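Notes to accompany the following structure.
Hydrogens, waters and symmetry mates play no part in the numbers below; they use all other heavy atoms, side chains included. Small disclaimer: the values here were computed from a predicted structure and weren't measured.
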Amino acid sequence: MTSPYIPGPQGWQPAQPQAGAWQDPNAAQWQQGWPAAQQAAVQQPAAQQPAQPVQPQPVQPQPVQPQWQQPAGAWAEPAGSWQDAAPQGSWQGAPARDGFGAGPGEIVPVDEFADDFASVLENSSVHRSTIGCIVPAYNEAESIADVIQSLLAQSRVPDVIHIVVNNTSDDTVKIASEFSGPHEVETELGLQFTEVFVHDIGKNPDKKVGALNYGYALVEGYDYLLGVDGDTTADRRAVEYLENEAVADSRIGGISAIYTIDDRPIKGFIAKWLIAGQRTQFAAFNMQNLLRGRNMAVLGGQFSIFSTTALRDIMKENHQNSPWVKDSEVEDSLLSLQIKSAGYLTKISPFARADVGGMTTLKGYDAQQVKWTYGAIELMWPGQRGDTKGQPFHPNLRLRWFEQFSMLTNFFVRVAFITLLIASLSINAFVFSPWWLIPPLVAAGLNFRMARAMEKSNGRDLAFAMLMFPAEIFMWIRISHFIRSWTRFLSKKKVDNWALQARAEKGGVSFGHWTPFIILAIVAIAIAVIWNLLDPVTQSAILWVGWPIVGVVTVLQTLTMAIKLFQRHQGYKV
């Protein structure tokens, strides 16, 4: 490794000194490594040492000790034997050994951990970007240890890791503090240094947004900010992949990893079924973004890297004091929109992967999905809603519009089909057609292909797709989230969805997630009563008009699914 310094009369100096400064005539030898330069210095007689350059106050060279005039070869120690004095590490002056004192400006490595990251950079001969990692943590006692260990096990370790604990009521701080302090990590990329800091900011009204902005203030001087959720672990090369792509293209404002959920530790039938559905949901979302030129609609806070230059630009452009704002239910989606609007790219990595925390209860999953959907609607809705202006035509929201339209279609087809089916049976007008089997078979085929596209698919994923009924019930759950989100949004009732999600995850009695099904049952009973009051002619007319409408919508929906089924995945795995 080429040294960035050369020896001078007053210690080590830059390899390319300023004009007029002292230069070593044997600089070329010094740049070839320590032993060669050391040998050249010993072999050169004292009388041939270069004269001290003229300074305003000249300093006389130090007298040469007699032992420095020994003939060549007097240094009989084998190459590298000096390392037993102090293993490689930071640098300081060499102590005297065997009669040979440290010469002017000589240094040897010592086994001492660097005081801070700045000193490590000073002694590094290779420039690299700097990464500051922020981990907002709220009641993450069960997962925070795994998250920190995952970061310390990376092939490219973040240069600093800040655990920002907020509003917590468990042992998150205590567990995280066991990892606080400096860490020296040996990886295939070389010896790396990092330090873990744990910050307990207590009660924070801005919740996760406040924790993120607190962390940003700590790492705004770094090249990149790595945001990691308190329940997310990543493959060991994830940071390396994200950094390499970000450094290779200055247009990139942020890159997200591919997210999934590790279902191995999940226990319980309902929990496993919910996780299988969420894994399929993540896989479909990731694949859509990968096939759209790897343009990521949402740089999720679970495991994404952001250019701090881009963050400063969006803060200036939007007149913000911090990157994340508290008036949005989906702070990561809004930040992604702002980065894209500032002229940067928002990407998804095809290689970096991370396992996020999934929802294992119906209440928790409902609260999370309603919050996400509500926030997405707020970003899409035209006009001004509070402090967030809707951007219905923003490029990053096209996929969101498609998702909402797809959920509306799924809701209409299922409700209309069941209603018409029951109505037809009630007057003996039902006629079965084998063509009706095509839509569910295509849907099952699409789910099966998506399961096969998963990097770590298992038998549960395949069964979820092929049996059809698990996926169909899961779709009804998602439809209920769709209804609740739009109902809550259109009611213009101010609700703290963050607090509702936190309450749902804690447990307790709550029936809010069953509300759509209760309403659907009431509507179904009302329709049945009204249907029985109609005369046969009117009933026949309704069926004659209703079935063709449902048939056309179903055909269009099936064609859309068929296109996805036969679409090339271009080798991507999610």
Side-chain angles (χ1 to χ4, degrees), residues 132 134-140 162-169 172 199-220 225-232 253-254 256 297-302 304 306 308 310-342 346 367-381 383-391 394 396-397 400 485 488-489 491-506:
I134 305 302
V135 184
Y138 163 72
N139 286 344
E140 304 290 0
H162 291 283
I163 314 298
V164 185
V165 185
N166 66 100
N167 302 294
T168 194
S169 57
T172 301
H199 312 265
D200 184 5
I201 63 177
K203 289 187 177 298
N204 174 27
D206 296 336
K207 302 179 179 65
K208 182 180 179 181
V209 169
L212 287 170
N213 288 329
Y214 183 96
Y216 170 76
L218 301 173
V219 302
E220 60 181 343
L225 182 153
L226 175 65
V228 180
D229 273 359
D231 58 359
T232 300
S256 168
V298 181
L299 296 171
Q302 295 96 327
S304 296
F306 301 89
T308 53
L311 296 181
R312 285 189 290 269
D313 286 346
I314 68 109
M315 289 165 58
K316 180 179 180 181
E317 183 174 310
N318 294 279
H319 309 287
Q320 299 172 192
N321 294 324
S322 53
W324 289 270
V325 294
K326 62 182 180 181
D327 55 281
S328 175
E329 299 285 353
V330 281
E331 76 292 339
D332 47 4
S333 294
L334 180 56
L335 180 64
S336 302
L337 264 61
Q338 292 176 334
I339 292 175
K340 189 77 170 181
S341 298
T346 55
Q368 180 198 63
Q369 294 295 309
V370 169
K371 178 176 73 69
W372 284 357
T373 307
Y374 182 98
I377 297 171
E378 192 174 44
L379 292 179
M380 296 186 301
W381 195 257
Q384 191 80 19
R385 296 277 297 199
D387 296 325
T388 302
K389 185 177 181 180
Q391 305 178 61
H394 194 284
N396 278 28
L397 292 176
R400 290 288 196 179
S485 302
R488 185 175 296 178
F489 179 80
S491 69
K492 298 184 179 180
K493 181 181 178 181
K494 293 297 294 182
V495 178
D496 188 349
N497 288 310
W498 281 100
L500 292 177
Q501 179 179 344
R503 192 180 310 159
E505 292 179 19
K506 285 183 179 179

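Atom OG of residue Ser336 and atom CD of residue Glu331 lie 9.5 Å apart, to the nearest 0.5 angstrom. Between the CG atom of Leu225 and the OH atom of Tyr216 there is a distance of 8.5 Å, given to the nearest 0.5 Å. Residue Ile134 holds its CD1 atom at 8.5 Å from CD1 of Ile163, rounded to the nearest 0.5 Å. Thr308 contributes atom OG1, which lies 10.5 Å from atom CE of Met315 (distance to the nearest 0.5 angstrom). With rounding to the nearest 0.5 angstrom, the CD1 atom of Ile377 is 5.5 Å from the CE atom of Met380. Phe306 contributes atom CZ, which lies 9.5 Å from atom CD1 of Ile314 (distance to the nearest 0.5 angstrom).
The closest donor-acceptor contact from the side chain of Asn318 to the backbone of Gln320 lies at 3.5 Å or more, if one exists at all. Distance alone, capped at 3.5 Å, is enough to place a donor-acceptor pair between the Thr373 side chain and the Gln369 backbone. A side-chain donor-acceptor contact under 3.5 Å links Ser491 to the backbone of Arg488. Judged by distance alone, with hydrogens and angles left aside, the side-chain atoms of Asn396 form a donor-acceptor pair with the main-chain N or O of Ala297 at under 3.5 Å. Of the possible donor and acceptor atoms, none in the side chain of Thr346 sits under 3.5 Å from a partner among the backbone N and O of Lys340. Without hydrogens or angle criteria, Thr172 side chain to Glu140 main chain gives a donor-acceptor distance under 3.5 Å. With hydrogens and angles disregarded, no donor-acceptor distance shorter than 3.5 Å links the side chain of Asn166 to the backbone of Lys203. A donor-acceptor pair is defined here as one N or O able to donate and one able to accept, closer than 3.5 Å; no such pair exists between the side chain of Arg400 and the backbone of Leu379.
Checked against side chain to side chain donor-acceptor pair (under 3.5 Å), Asn213 has the following partners two or more places apart in sequence or in another chain: Ser322. Considering only residues two or more places apart in sequence or on other chains, Asp206 meets the side-chain contact (heavy atoms from CB on, under 4.5 Å) condition with Asn204, Lys326.
Tested against Gln302, the residues Val228, Thr232, Asp231 include a single side chain to side chain contact (heavy atoms under 4.5 Å, CB included) partner, Thr232. With Leu299 as the fixed residue, the side chain to side chain contact (heavy atoms under 4.5 Å, CB included) test singles out one of Ile339, Asp332, Leu335: Ile339.
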Margin query: Does Thr168 form a side chain to side chain donor-acceptor pair (under 3.5 Å) with Asn139? I'd like the steps, not just the answer.
Written below: CA-CA 5 Å; Thr168 194; Asn139 286 344; 2.8 Å; yes
Check: So Ser341 and Gln391, side-chain contact (heavy atoms from CB on, under 4.5 Å) or not? Walk me through it.
Finding: CA-CA 11 Å; Ser341 298; Gln391 305 178 61; 4.1 Å; yes
Margin query: Applying side-chain contact (heavy atoms from CB on, under 4.5 Å) to Asp229 and Val135, what does each step give before you reach the verdict?
Written below: CA-CA 6 Å; Asp229 273 359; Val135 184; over 6 Å; no
Check: Going through the checks in order, is the side-chain contact (heavy atoms from CB on, under 4.5 Å) test met by Phe489 and Glu378?
Finding: CA-CA 8 Å; Phe489 179 80; Glu378 192 174 44; 4.1 Å; yes
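Using bins of under 30°, 30° to 60° and over 60° for the plane-to-plane angle, the ring pair His162/His199 lands in the tilted bin.
Closest of all the heavy-atom pairs between Ala310 and Gly253 is CB-CA, 3.9 Å.
Between Val209 and Val325, every side-chain heavy-atom pair lies at or beyond the 4.5 Å cut-off.
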